S.K.: 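What follows is a structure written as C-alpha cells; I'll ask about it next.
Model, not experiment: these values are computed from the prediction. Basis for what follows: all heavy atoms, side chains included, without hydrogens, waters or symmetry-related copies. By convention in this document, chain letters (A, B, ...) are assigned in the order of the sequence lines, proteins followed by strands, and residues within each chain are numbered from 1.
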Amino acid sequence: MAQQMKRFKIPLKRRDDSNEDNIQHPQIYAKDSLDRFGDDLCQLLLSYLSLEDIFRLECVSKQFRRTVFVSVVDFTLSDEFIQRLLYWTAIDVEFTIYTQIEYTIDTKMLATIAIKCANIETIDCRGISAINEGYIPDVLNTFRDKCLNLRNIYCNLYKDNEKIMPSLGPLVTRIGNIGSYVSKQALTHCHRLSQLNTYCFDRVFTSVYTSGVPLVKNLLKYELKFSYHPDFDNHRLSAFVAHNQSLRSVVIGTHIDGTHETLTEMCGQLSRLTQLRRLSLGFKIKGSQHSFNDYLRTIGVNCKQLQRLSFSLFSKKCEYNLKTLDSLAYFRRLKRLDLTLYVTVDEISLDVLRECRRLTHLDIYLTKMNANVFKIIRKNCPQLQYLCIQNMNSIIETECLDQISRLPALQMLVIHCKRSGDMAQQMKHLKTSLETTYGCENEDQKRHQPKIYAKNSMDRFGDDLCALLLSYLSFEDRFQCECVSKQLQRTVFASVVDITLSDRFIQRLLNAKKSDTDMLAIIAIKCAEIQTIDCRGITKDYEKRIPEVLGILRAYCRHLRDIYCDLGANSRQMMATFGPLVTRIGAINSYNDSKALTHCHRLSQLRELKLKKLSVQLSRLPQLRELILSLNLSHGQTSAAVTDFMRTIGVNCKQLQRLSLQLSAQSVLNISLDWLRFYGPLRQLCLEIYAVIDERVLEPLRHCKRLTHLEIYLKKINTNVLKDLHQYCPRLHYLFIRDLNGIIDTECLSHLSRLPALQMLVIETHNNITTSDNDLNAVLSSSL
Amino acid sequence: MADNADHIDGDDNEDVRAQQNLIKIKLKSSEGGIYECGLTAAKMSDLVKNMVESLGTDAVVTTEPIILGNEAVTDAALKKIIEWVEFHWDDPPVDHDFEDEKDRRNEELSHWDKQFIDVDDQALLFDVIAAANYMDIKGLVEVGAKHICSKIRGKSCQEVREMLKITNDFTAEEEDAIHKENAWIYAKD
C-alpha cells in the first residue's frame, strides 16, 4: 500500500505547480540512456535481477524505485538472508558474571522489505537449515501480514513451525520435508498441498502401523526420498493412490527390494494413477523370478500420459537374464527417458526404442556399451535433443561418436567419463561430422519410380485402403490370404484388433506339428495390433492353457489393453500377472480366492457372481459398469445382510450403470430394496426376487431417476406393486414383467400407461391374458 | 486428444515451417528501410504474426511491406532483429509440461545470443530491445533483459547510473533514507 500511495502522491504534487512548463513537453531522453524506457519495459528488464541487487539498486533513480520491486513475485528465503536480519543483545545471566548473547530477528526491517515487495505471491523457505528454522514462523507471519497477494508458501514441516500450521497451513502448497517428531495433525491444515517430499512413506499416515486414510489428498507431485518397503507399505499405497488420483509426478528415490508378488502389486497400484506424467522408479533384484518387464508393462499400459520415466535396475547376480527392455514399448508418449542398469549382461537390446519415437531426452547408463547401442539410438530417436551417457569404461570411441553425430536434432551431448584418454581428438572428429549431418537419407526414396498398375488389379490400392478392405476377413481367412502378395502380407493383419480365443483355436494349436508355443508366438508377432483378447468362452478342458496363451500374446502384442476372461481354478496366479489388463470377467467358475479380483482394477463388467462376502473386493473396482449378481440367502441371514452388501458396492462403484440381481430367500419374510438409494446412476436394472414381498417393494426405485430399462421377475406380483412406477422412473422406456400369476389386468395396465417415456413393454405370462385389446391400446396411446 | 496428438508433433510440422520460411515478406522500418525476412522467422514477432493472419499470407507476400511504425525500429535495429529471428525460428517450441518458467529464466544465454546481444553501441542495443518489445518478440526481449541484468550484477548504484546513463532524480536525503532501509543488504555475512 505504502508504495502505491507514494506513487499516487507524485502526480498530485505536479498538478499543483502546473504553471511550470516542463510538464507540457514530453521530456526528451538521450538515446543511450535507460531513462528512455517507460516503467513497463524498465520493470521487465529489471525482473532478471537477483533479490540482493534489487535492494542495492533501489536508489538508482525514482523510476528504479517504482519498478524494481514490481516483479518480485517469488521470494526464496536463504540462511544468508535470515542471518543478515539478525541482531544480538547481551543478556546478563542471573547471579553470575556471565552474559549470554541472544539473537533476535529484526522484525522492523523485515516489515520494510515486505512492504516494498508488495507483489510477493510465493515464499519458499524449504532451503533454510536447521539452525535458522526457529525464525521462520516470525518471518512468515510478517510476510503474511504485509503482502496481501501471498498465496503460496513452500516450507518444511519441522517441530519449530508446526504451531503456525493452523494459521498458515491453508497457504502451504509445497512441503520439502517432514521431520520425525512432528505432530501429524499439522498436515491436516495444509488442505491446498500439491507437492510433498518425505523420507519415509509412513509420514503421510496418522500412525506408523495402521493404514487408514492418508493425511494428504489430491497431490500433484510426490517424492519419496528414502525408503519404501513393499511388504509393509503396499496396503498403504492402495489408500494413498485412491486419495491422490490427481498425481502427476511420483519419484521414489531408492531401489525397491521385494518379492515378485509384492512388486507386482505395487506396480498395479501405481498404474492406477492415470494422470501420471513423470515417474521415477528403481528395483533391486536378486533372482530370476522377477520380471521387471511385467512391472513396467502394467504401468505403461495404464498410465498413458506418462512422458518422463526414470528407471533403474540393480542386480547383484551376474547371470540375471536381462536381454530386452520390451516393456518400454508401452510407453509410447515418452519424451524423456533416464535408464540406469547396474546389471552385468553381455548385451542389452535397445531395439525397443523404435516404439518411443517422441523421445527428446535420453540419459543412459549401461555397464557395457558399444557402438551398436548408439546405432540403435541414432536409428530410432529422430527427435533426440539431449543425450547423456554415463560412461564408466571409456568405450566412447570414434565409431560411437560417428553414430551420435548423425542424430539430426541433437542440441546437447553430455558424456560422463572416468578416464579422459584421447577424447579430445575424437571430439574434434565429432565436431566435423556434426556439421555434415544433412540429407543423405532421402536418396533411397528418390530411386523409387511410381509404378502404374492395371485399373482392375487390387495392386492399385495403397496399403491403407488395402488393410481396410481386408479387415472384413475372418481370423482364419487372414492366415490363408497372407501369402497372396507382399502387400497382403503387410496389410492383412493390421486390422486384427480383437481376437476371441475358442476351444477350437487352442485345440488346433495342440494338433499342429510344431510345439504350440512357437506357433502361437508366430501368430502373435503377425497380429501385432491386437488390443483385446476375449477368452471367456473357453471350457474347462482348455482352461489350464489360458495363462500360457495370454502370456505369449502379451509378450508380442504391444497394444494389448483389454483381456476378457473367466475366473477359473487357476485364477489367483493368473490375475496377479494379468489383472491390470482384465476389464471384463464372464463367469466365476470355481471360487478359489476372491482376492484375485482386486488385481483387476480396470474391471468394467462382471457376470454371474454366485458368491457372498465379496462386497469388499467388489467395492474396490471403481470402474465397474455392469454387474450381474446372484444371491442366495441361507437360513441364518436376514435382509439386512443384503442391504449392507449392496450398499458397500453401491457407495464405491459409482460408475455402475447396469445391475442384474437374482435374490432367492425362502425363509426371509420381508425383502427390502432400500439399498437402491446408493445406485443413483443406474440405467438398467434387472430384478429377480424369489421371496415374499410387500406392496411397497419397488418404492426405493425413486432414487434411480435415470433408469431407462427395467426387468422385473417377482414371485407374487400384484397391481399395487406397479402403482406408482411412473413417479419413480420418469425416464423408463423399456419394461419387462414376468407375470406368473396372471394378475396383469386393466387396472395394472392403466398404471403402466402413465409411464411418460415408455417405448417398449413386454409381458411374459403363462395364463391367457384376460384383458381386452382396448386396454392395451389405451396403454399405447397414452404413453406415446 | 490422444489420437490427434499422435500425428502433429512430427516432422510434418517442421517441414511446413521450413517451407514457409522460404517465403519472404518485407518489413519496413520507421526510417523507411525495407528488409526481407522469412515468413516463419518474422512470425516470431506476435505483432507481425497477427498482421499476417488478419491480412492473409498472400496479401502480405505480394503487396506492400509491413510497416513497423515505432521509432525504436530503426534500420540498424531491424537488421539486428531479422538476424536474430532468422537464427532462432527453428528452435524447438517450449514444452510447457516440464519447462519450469523459473528454470528457463535462470538459464544462461547461449553463446550465439551472447555474441549477438553484446553490442558496443548502447543506443542500438536499446533500440533492439525496445523494438523487440514493440514487435512482441518475447525471446529477444528476454535476451536483452538477461544481458542488461548480467551487466548490472554486482555494480554499485553510481556505476549502474554511469553505465546505463540513468539520471539520478533523488535528493541526497532520499537516497540516504533508502540506504538505511536496505541496511541489511550491506551487512556482513
S.K.: Check A/Arg84 with A/Glu80, please: is the shortest side-chain N to carboxylate O separation under 4.0 Å?
M.R.: yes
S.K.: B/His147: which residues meet the side chain to side chain donor-acceptor pair (under 3.5 Å) condition with it, sequence neighbours left out?
M.R.: none
S.K.: Could you tell me which of A/Thr112, A/Leu44, A/Leu49 has the largest number of non-hydrogen atom pairs under 4.5 Å with chain B?
M.R.: A/Leu49
S.K.: Could you walk me through whether A/Glu121 and A/Asn152 pass the side chain to side chain donor-acceptor pair (under 3.5 Å) check?
M.R.: CA-CA 6 Å; A/Glu121 286 176 12; A/Asn152 302 308; 5.8 Å; no
S.K.: With only heavy atoms counted, which part of A/Ser47 is less than 4.5 Å from chain B, the side chain, the backbone, both or neither?
M.R.: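 Contact with chain B: backbone and side chain both.
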S.K.: Whether A/Arg65 and B/Glu174 form a salt bridge (side-chain N of Lys/Arg under 4.0 Å from carboxylate O of Asp/Glu) is what I want to check.
M.R.: no
S.K.: Please round to the nearest 0.5 Å and tell me the distance separating atom CD1 of B/Ile81 and atom CD of B/Glu86.
M.R.: 13.0 Å
S.K.: Counting only non-hydrogen atoms closer than 4.5 Å, can you tell me which residues of residues 117-124 of chain B sit against chain A?
M.R.: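 The list, in residue order, reads B/Gln122, B/Ala123.
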S.K.: Sort B/Gln158 into side chain, backbone, both or neither according to what part of it lies under 4.5 angstrom from a heavy atom of chain A.
M.R.: neither
S.K.: Contact part of B/Ile166 toward chain A, heavy-atom cut-off under 4.5 Å: side chain, backbone, both or neither?
M.R.: both
S.K.: Determine the option with the most heavy-atom pairs under 4.5 angstrom with chain B, choosing from A/Phe37, A/Phe64, A/Tyr48.
M.R.: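 Top count of heavy-atom pairs under 4.5 Å with chain B: A/Tyr48.
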S.K.: Check each atom of B/Asn133 against the heavy atoms of chain A and say whether the ones under 4.5 Å are side chain, backbone, both or neither.
M.R.: side chain
S.K.: B/Asp169 vs A/Lys62, test: salt bridge (Lys or Arg N to Asp or Glu O under 4.0 Å). Steps then yes/no.
M.R.: CA-CA 6 Å; B/Asp169 44 8; A/Lys62 283 187 177 158; 5.8 Å; no
S.K.: For A/Ile128 and A/Phe81, what are the C-alpha separation, side-chain angles and deciding distance, and is it a side chain to side chain contact (heavy atoms under 4.5 Å, CB included)?
M.R.: CA-CA 10 Å; A/Ile128 300 286; A/Phe81 176 82; over 6 Å; no
S.K.: On the 0 to 90° scale, with breaks at 30° and 60°, tag the B/Trp84-B/Phe116 ring pair as parallel, tilted or perpendicular.
M.R.: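 Rings of B/Trp84 and B/Phe116: tilted, 30 to 60°.
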S.K.: Please answer whether the main-chain N or O of B/Thr167 pairs with a side-chain N or O of A/Asp35 as donor and acceptor at a distance below 3.5 Å.
M.R.: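 It does hold such a pair.
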S.K.: Which residue out of A/Lys31, A/Arg357, A/Lys304 racks up the most heavy-atom pairs below 4.5 Å with chain B?
M.R.: A/Lys31
